[in-house]
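Structure first, commentary second.
As the structure lists them, so they are numbered: ligands from 1, and atoms in each ligand from 1.
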Amino acid sequence: MTSSAVTSIELTSLHRLASGKVRDLYEVDGETLLFVTTDRISAYDVIMKNGIPDKGPLLTFLSVHWFKVLSDKIPGLKTHFISTALPSSSPISAEDAATIRGRSMHVRKLKVFPIEAIVRGYVTGSAWKEYKAKGTVHGIKLAAGLRECDAIPGGPIYTPSTKAPLGQHDENIHPDEAAKLVGDKYAKKIEDLALAVFRAGQEYAAERGIIIADTKFEFALDEKTDEVVLVDEVLTSDSSRMWPKDKYEPGRDQESFDKQFLRNWLTREGLKGKDGVEVPEDIAKATSDKYREVFELLTGRTLEEAMKTI
Ligand code: ATP
Ligand code: MG
């Protein structure tokens with residue numbers, strides 16, 4: 001599609017409510033938002049200076065695809081997704097519409113729970129580090145003798161973290177701690193939904209040659225109905241570790257379709273956690289290619305084909 005990455009978006013016809021590391025949230029009306037995904041990329045909680053070409057549209061269409069697949073697979077699942085069409089209730093200029101084409105989702109504005117609902121099917125990343133040191137993952141004791149990237153015996157586990165403000169680091173916590181943050185009334189529901197959505201996603205991805213090793217979901221409360229709703233992005237290469245099934249081999253780091261490539265480069269160069277890092281063009285291009293490859297495997301179409309549908 002495009003060759004340059006879009007890291008900053010200024011719309012003139014909508015009011016920006018907030019900006020995250022990757023997304024900008026615009027007010028549509030009192031009850032809904034326009035959820036706009038830029039090409040910004042963060043790793044180890046820091047935003048890189050330049051972006052990843054086409055990442056915003058790739059993440060947007062992949063999330064939209066998952067919202068549909070998951071709603072079919074899990075009866076009764078509530079999500080924040082309304083439409084990829086621009087809201088008619090709030091007029092958007094032709095120029096703004098062109099700027100965010102393929103990057104926006106109209107969603108319900110909800111009260112996001114203050115935790116990251118992480119689910120892990122495999123021992124990797126920070127979970128592997130903790131397991132190697134203590135035999136636990138987020139304080140949960142696992143069987144002895146697991147190798148790096150082994151599947152967690154007994155199936156995926158819910159391993160939440162805190163949701164740190166911009167510039168700070170999320171902290172891995174035990175599910176009991178998460179229950180204190182969200183309240184007992186919703187804790188079990190969030191855990192059950194996170195596990196159900198993860199299993200459904202894993203099953204769908206496995207049929208397409210992909211292992212979803214772990215992911216981070218966000219859930220919110222619909223205060224009108226008291227329902228727990230799946231929000232944010234879902235099962236994307238930003239929020240998940242995804243590995244090609246045919247190359248999977250426990251006992252080592254895996255080849256992956258996600259940010260791991262960028263993380264490894266940062267670590268190699270001694271730039272992990274540093275501000276304002278400029279990602280070289282070849283690393284940005286390789287990351288974009290990985291996001292694109294897994295997008296095509298999971299959705300069965302190219303980004304260019306997806307763009308034609310809106
Ligand atoms: P990261 O994804 O790396 O943790 P971030 O948390 O800064 O970064 P972004 O993805 O850039 O997040 O921005 C999305 C923001 O929108 C998050 O703060 C998320 O909690 C919030 N959000 C997601 N869905 C909704 C919703 N339906 N209503 C209100 N806020 C939402
Ligand atoms: Mg986010």
Exercise. Tell me which part of Leu33 gets within contact of ligand 1: side chain, backbone, both or neither, using heavy atoms under 4.0 Å.
Key: side chain
Quiz item: Any N/O of Leu110 closer than 3.5 Å to an N/O of ligand 1?
Solution: yes
Quiz item: What protein heavy atom sits nearest atom 6 (O) of ligand 1, and how far off is it?
Solution: Lys163 NZ, 4.0 Å
Exercise. May I ask you to list the atoms of ligand 1 that are less than 4.0 angstrom from any heavy atom of Val231?
Key: 24 (N), 27 (N)
Exercise. Mind running side-chain contact (heavy atoms from CB on, under 4.5 Å) on Asp238 and Glu233 for me, showing each step along the way?
Key: CA-CA 9 Å; Asp238 260 14; Glu233 63 179 329; 3.7 Å; yes
Quiz item: Where does Asp170 meet ligand 1, judged by heavy-atom distances below 4.0 Å: at the side chain, the backbone, both, or neither?
Solution: neither
Quiz item: Taking heavy atoms and a distance under 4.0 Å, where does Asp232 meet ligand 1: side chain, backbone, both or neither?
Solution: both
Self-check item: Minimum-distance protein heavy atom relative to atom 26 (C) of ligand 1
Solution: Arg108 O, 3.7 Å
Quiz item: Is the closest N or O pair between Val22 and ligand 1 shorter than 3.5 Å?
Solution: yes
Quiz item: Which residue owns the protein heavy atom closest to atom 31 (C) of ligand 1, what's the atom, and how far is it?
Solution: Val112 CG2, 3.5 Å
Quiz prompt | Near-ring test His80/Phe219, centroid separation under 6.0 angstrom | solution = no
Quiz item: Just which atoms of ligand 1 are under 4.0 Å from any heavy atom in Leu25?
Solution: 16 (O), 30 (N)
Exercise. Flag the pair Arg292 and Asp289 as a salt bridge only when some basic side-chain nitrogen lies within less than 4.0 angstrom of an acidic carboxylate oxygen.
Key: no
Exercise. Could you find the nearest protein heavy atom to atom 13 (O) of ligand 1 and give me its residue, atom name and distance?
Key: Arg23 CB, 3.6 Å
Quiz item: Can a non-hydrogen atom of Arg40 be found less than 4.0 Å from any atom of ligand 1?
Solution: no
Quiz item: Are Asp258 and Arg241 ion-paired here, with the side-chain N under 4.0 Å from a carboxylate O?
Solution: no
Quiz item: Is Lys109 salt-bridged to Glu31, going by a charged N under 4.0 Å from an acidic O?
Solution: no
Practice problem: With sequence neighbours excluded, give me every salt bridge (Lys or Arg N to Asp or Glu O under 4.0 Å) pair touching residues 57-70. | Solution: none
Quiz prompt | Proximal atoms of ligand 1 relative to Ser42 (non-hydrogen, under 4.0 Å) | solution = 3 (O)
Quiz item: Relative to atom 5 (P) of ligand 1, which among Lys21, Glu116, Lys109 owns the nearest non-hydrogen atom?
Solution: Lys21
Self-check item: Sub-4.0 Å heavy-atom contact, Lys216 with ligand 1
Solution: yes
Practice problem: Show the numbers, then the answer: is there a side-chain contact (heavy atoms from CB on, under 4.5 Å) between Leu25 and Arg16? | Solution: CA-CA 6 Å; Leu25 275 53; Arg16 190 168 69 202; over 6 Å; no
Quiz prompt | Atom CD of Glu278: over 12 foreign heavy atoms under 6.0 Å | solution = yes
Quiz item: Between Arg103 and Asp39, is there a salt bridge with N-O shorter than 4.0 Å?
Solution: yes
Quiz item: For ligand 1, does Lys111 get within less than 4.0 Å through its side chain, its backbone, both, or neither, judged by non-hydrogen atoms?
Solution: neither
Quiz item: Any nitrogen or oxygen of Glu218, main chain or side chain, under 3.5 Å from a nitrogen or oxygen of ligand 1?
Solution: yes
Self-check item: Pairs flagged by salt bridge (Lys or Arg N to Asp or Glu O under 4.0 Å) wherever residues 167-181 is involved - sequence neighbours left out
Solution: Glu177-Lys180
Exercise. Please state which part of His80 comes within less than 4.0 Å of ligand 1, counting heavy atoms only: side chain, backbone, both or neither.
Key: side chain
Practice problem: Determine, for Tyr44 and Lys272, whether the Lys NZ or Arg CZ falls below 6.0 Å from the six-membered ring centre while staying within 45 degrees of the axis. | Solution: yes
